[in-house]
Engineer: 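This is the structure I have questions about; it appears just below.
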Amino acid sequence: MNSKDMAIKVEGISKCYRIGLKEQVHDSMGGAIIDFIKNPLKNYRKYRSLYKFDDVKDNSFAGSEDVIWALREISFTVHKGELLGIIGRNGAGKSTLLKILARITDPTTGRAEIHGRVSSLLEVGTGFHPELTGRENIYLNGSILGMRKMEIDRKFDEIVDFSGVEKFIDTPVKRYSSGMRVRVAFAVAAYLEPEILIIDEVLAVGDEEFQKKCLGKMQDVGQAGRTVLFVSHNMPAVTRLCGRTILLEEGEIIKDGPSREVIGAYLGSETGTIGERVWIDPSKAPAGEVCRLRAVRARSKNGEIIETLDIRQPVRLEMEFEVLKPGHVLMPHYNIFNEEGIELFSAHDLDPEWRGRHRPIGRYVSTAWVPGNFFAEGTVFVAAAMTTLNPNAFQFCALDAVAFNVAESFGGDSARGDWTKQMSGVVRPMLKWSTEFYPQEMY
Amino acid sequence: MNSKSESIVVIKPKSGWQFIDFKELADYRDLFYFLVLRDIKILYAQTILGFLWAILVPLIQIVIFTIIFGKVAKISTEGIPYILYSTVAIIPWTYMSQAMSQSSLSLVTGQGMLGKIYFPRVMFPLIPVLAKFVDFAISLIILFTALIYYRITPTWNLLFLPLFFLQMICIPAGVGMFLSALAIRFRDVKFAMQFILRMLIYSAPIVYSASSIPEKYRLFYSLNPLVSVIEGFRSCLLGTPMQWQYIFPGLLTSIVLVVFGALYFSRMERVFVDVI
């Protein structure tokens with residue numbers, strides 16, 4: 001490739017993290033006391049080991065137990081003006097890749113070249129301070145994102161206009177609603193004019209109208225000939241914005257090509273079915289202190305794993321988990337998203353048998369029934385999460401744990417009835433309709 | 001936005017020792033400015049007294065010290081009124097201690113930003129050092145009031161004052177760079193900082209006079225850069241003879257401190273994000 005029209009060139013980038021040695025658990029008072037005395041020394045070694053980075057080239061290091069490779073030998077190039085999507089499950093290494101390209105963290109091996117001015121947007125509203133006014137935060141956030149003061153001066157009015165908070169621009173941000181805060185933050189980002197823009201999953205905020213506005217703005221950025229790297233779970237947005245997409249899995253690029261193809265492969269991938277996800281290796285499963293997720297499944301009423309759901313049929317969402325520590329009240333819950341990343345609803349366990357009860361150690365399967373004639377057609381993504389109650393403590397959350405397609409039925413017995421054209425809305429309940437008829441009087 | 005000379009950034013694992021990249025720092029000056037401004041603005045947000053605190057904090061300290069060490073313990077101050085004697089020391093000390101403690105914890109408190117955006121990391125410990133300077137400038141009001149009240153006439157010594165201002169900034173900058181990089185690895189720094197500062201105040205001639213230190217320990221004693229700043233302030237402002245034997249060793253230590261702090265910081269910089 002001509003080096004002149006290259007924006008980003010990544011060559012064999014790998015990144016490993018040291019996760020530190022596991023804490024020891026002891027069962028005797030004496031052991032605990034001895035351990036407590038030895039602690040400072042042990043802690044010192046532990047925190048020091050996190051810092052070792054010179055032994056990376058060593059091969060002995062690669063096999064070491066407390067090391068995780070977040071990225072392995074990633075290579076790709078991005079042309080100027082190209083919009084590249086990066087997709088993959090959580091933990092696939094997307095964020096690490098962006099962090100390296102945004103220079104937040106260094107790669108362990110490999111190198112990358114970036115030609116042009118970069119702005120990275122890994123979070124909306126980085127550096128926002130609640131005590132500062134909207135105006136002050138716009139300047140601060142703008143300069144954090146790489147704008148010069150002059151540039152912000154020039155675009156200030158437009159930014160305020162886009163955010164729609166003119167009236168409160170000199171009020172401390174802590175008095176804003178969270179929606180307003182996000183809008184201001186996003187408005188700043190929307191007016192960035194870098195040559196290369198790196199964006200992490202940040203579009204999943206704000207209301208739908210605002211999201212549309214932002215997507216539109218991003219499309220403009222792309223059309224202006226700037227290079228964009230876009231990480232998202234929002235598949236339609238990736239398809240719409242990006243011509244090319246990279247699919248990451250366990251730190252490696254497993255597919256790189258036109259967005260439609262790659263996304264198709266992603267949705268249909270993972271051992272053939274995406275309606276079931278099992279963590280065979282418990283050490284890789286999402287887990288908290290109290291419990292560990294083992295599997296998530298979407299089943300039909302006959303118990304089959306679903307790939308495509310008939311819109312009229314109910315779904316059984318199963319979450320299989322292990323309780324590792326007794327004495328906690330667990331609250332399994334689901335967050336259900338559609339393909340645009342919009343959360344359709346969340347559902348929390350209501351099973352009366354276990355409400356408020358401490359759970360003994362063991363394996364559980366919590367099932368939630370979603371009625372038929374409820375989802376709209378499209379892809380549904382299920383996030384399985386767990387929180388312990390009193391006190392509330394987050395345990396795990398597996399985003400995109402399973403996904404299934406909801407297919408319309410044109411038989412006339414769905415919510416669609418006899419309507420054959422486009423139906424809007426994020427859900428499609430079947431409502432009970434009735435009609436009262438008053439015959440016209442004879443005249 | 002026509003960039004004829006296109007900027008190329010090469011990302012690769014860094015190795016070995018390197019120093020602060022001043023050119024890069026200059027590129028980020030706008031952000032630096034806004035971050036310092038932010039620190040200044042949020043400091044007294046939602047307080048009634050606001051910037052008056054910048055005066056009150058050292059003032060209360062001065063009053064307490066004057067009562068305890070001046071009136072009760074009657075520490076010798078070579079004929080200078082004790083309140084004046086302690087004021088010229090406590091004003092720079094207040095700045096240095098506050099700047100040092102905030103700078104040391106800057107990376108830990110700023111870890112949210114550390115993981116989300118790139119800018120030269122060395123800005124983290126330097127921001128509080130600069131932001132606190134505003135407080136210092138305000139607290140100079142006390143100093144000048146005291147000088148006028150006691151009718152101290154300025155002498156040529158005053159010309160050296162900028163040197164000690166500079167040194168006064170360098171000390172917390174050096175300490176801050178070193179300790180902030182250490183604190184992100186070992187949070188112990190946060191707890192140690194509290195009593196270290198309390199001890200440091202007695203390591204410098206703030207409440208007592210440097211001449212009470214035995215001759216044979218003088219060189220060792222003056223290696224403490226705080227001694228040098230305090231003695232420098234006294235001589236410049238009160239017009240007493242410049243005590244170079246107390247000042248030079250500390251000046252050297254300050255330079256070593258800044259260079260070492262910057263080197264250590266740059267060395268540790270690359271792994272900050274991975275260990276927070």
Side-chain angles (χ1 to χ4, degrees), chain A residues 4 10 13 15 17-18 20 40 43-44 47-48 50-54 56 99-118 120-123 126-127 129-133 136-137 139-152 172 174 193 195 200, chain B residues 1-3 5-16 24 27-47 110-121 123 127 181-189 267-276:
Chain A
K4 263 196 181 149
V10 176
I13 279 197
K15 174 76 184 177
Y17 285 106
R18 277 177 171 268
N43 283 344
Y44 173 73
Y47 293 124
R48 213 188 133 74
L50 290 177
Y51 249 70
K52 277 200 185 148
F53 36 80
D54 293 331
V56 168
K99 278 190 176 175
I100 288 172
L101 294 178
R103 301 171 68 202
I104 290 165
T105 183
D106 285 339
T108 309
T109 60
R111 80 195 283 279
E113 255 175 53
I114 296 184
H115 299 250
R117 205 172 72 135
V118 185
S120 49
L121 195 57
L122 267 55
E123 178 189 61
T126 309
H129 199 285
E131 295 286 356
L132 298 180
T133 66
E136 289 162 342
N137 270 313
Y139 274 94
L140 180 64
N141 190 234
S143 56
I144 282 178
L145 294 174
M147 281 198 256
R148 293 239 164 268
K149 185 177 174 299
M150 275 167 41
E151 225 177 311
I152 308 173
K174 64 178 173 184
E193 278 180 4
E195 287 150 307
D200 202 350
Chain B
M1 244 205 289
N2 52 339
S3 50
S5 60
E6 182 188 70
S7 63
I8 299 178
V9 176
V10 177
I11 296 167
K12 57 176 190 217
K14 294 193 189 77
S15 59
E24 192 189 28
D27 282 344
Y28 282 88
R29 61 182 179 274
D30 281 1
L31 176 58
F32 203 2
Y33 166 77
F34 281 118
L35 285 172
V36 171
L37 202 66
R38 171 179 101 145
D39 259 32
I40 295 169
K41 279 186 174 155
I42 62 178
L43 186 60
Y44 298 113
Q46 206 157 5
T47 58
Q111 53 182 276
M113 241 199 280
L114 196 64
K116 290 296 180 192
I117 203 82
Y118 175 80
F119 53 83
R121 302 308 190 195
M123 278 162 56
I127 287 162
L182 198 66
I184 199 128
R185 293 168 74 182
F186 309 111
R187 300 288 148 88
D188 308 56
V189 171
R267 168 96 177 144
M268 290 301 161
E269 198 175 355
R270 70 190 101 138
V271 273
F272 286 162
V273 176
D274 300 346
V275 296
I276 45 176

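Treat the numbers as computed from the prediction; the structure is a model and nothing was measured.
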Engineer: Search all heavy atoms of A:Ile104 against all heavy atoms of B:Arg121 and return the closest pair with its distance.
Structural biologist: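 Taking A:Ile104 first and B:Arg121 second, the nearest heavy atoms are O-NH2, 3.4 Å.
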Engineer: Take B:Tyr118 and B:Tyr28 through the test side-chain contact (heavy atoms from CB on, under 4.5 Å) and record every step on the way to the result.
Structural biologist: CA-CA 10 Å; B:Tyr118 175 80; B:Tyr28 282 88; 3.6 Å; yes
Engineer: Which residue out of B:Ile42, B:Asp27, B:Val273 racks up the most heavy-atom pairs below 4.5 Å with chain A?
Structural biologist: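 Highest number of heavy-atom pairs under 4.5 Å: B:Ile42.
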Engineer: I need the residue from A:Met147, A:Lys149, A:Lys99, A:Lys15 with the largest number of non-hydrogen atom pairs under 4.5 Å to chain B.
Structural biologist: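 Option with the top pair count is A:Lys149.
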Engineer: B:Phe272 and B:Gln111: side-chain contact (heavy atoms from CB on, under 4.5 Å), yes or no, with the steps?
Structural biologist: CA-CA 9 Å; B:Phe272 286 162; B:Gln111 53 182 276; over 6 Å; no
Engineer: Based on non-hydrogen pairs under 4.5 Å, which of A:Ile13, A:Ile144, A:Val118, A:Leu101 is most in contact with chain B?
Structural biologist: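 Going by pairs under 4.5 Å, I would pick A:Ile144.
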Engineer: Counting only N and O atoms by type, is there a donor-acceptor contact under 3.5 Å from the side chain of B:Asp39 to the main-chain atoms of B:Ile127?
Structural biologist: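 No.
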Engineer: Go through the atoms of A:Glu136 and report whether side chain, backbone, both or neither lie under 4.5 Å from a heavy atom of chain B.
Structural biologist: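 Contact with chain B involves the side chain of A:Glu136 alone.
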Engineer: Quick one, B:Met123 and B:Leu31 - any side-chain contact, counting heavy atoms below 4.5 Å?
Structural biologist: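 Of all side-chain heavy-atom pairs linking B:Leu31 with B:Met123, at least one is under 4.5 Å.
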Engineer: Please identify, among A:Pro172, A:Pro130, A:Gly127, A:Gly146, the residue contributing the most non-hydrogen atom pairs under 4.5 Å to chain B.
Structural biologist: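 Looking at each of A:Pro172, A:Pro130, A:Gly127, A:Gly146 in turn, A:Gly127 comes out on top.
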Engineer: Going by an N to O cut-off under 4.0 Å, is there a salt bridge joining A:Arg111 and A:Glu113?
Structural biologist: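 Yes, A:Arg111 and A:Glu113 are salt-bridged.
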Engineer: Counting heavy-atom pairs under 4.5 Å to chain A, which of B:Lys12, B:Lys116, B:Met113 comes out on top?
Structural biologist: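 Option with the greatest count: B:Lys116.
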Engineer: I'd like to verify something: which residue of A:Met150, A:His129, A:Glu131 has the highest number of heavy-atom pairs under 4.5 Å with chain B?
Structural biologist: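 So the answer, after comparing A:Met150, A:His129, A:Glu131, is A:His129.
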Engineer: Does any backbone or side-chain atom of B:Leu37 lie under 4.5 Å from a heavy atom of chain A? Answer side chain, backbone, both or neither.
Structural biologist: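 B:Leu37 has no heavy atom closer than 4.5 Å to chain A.
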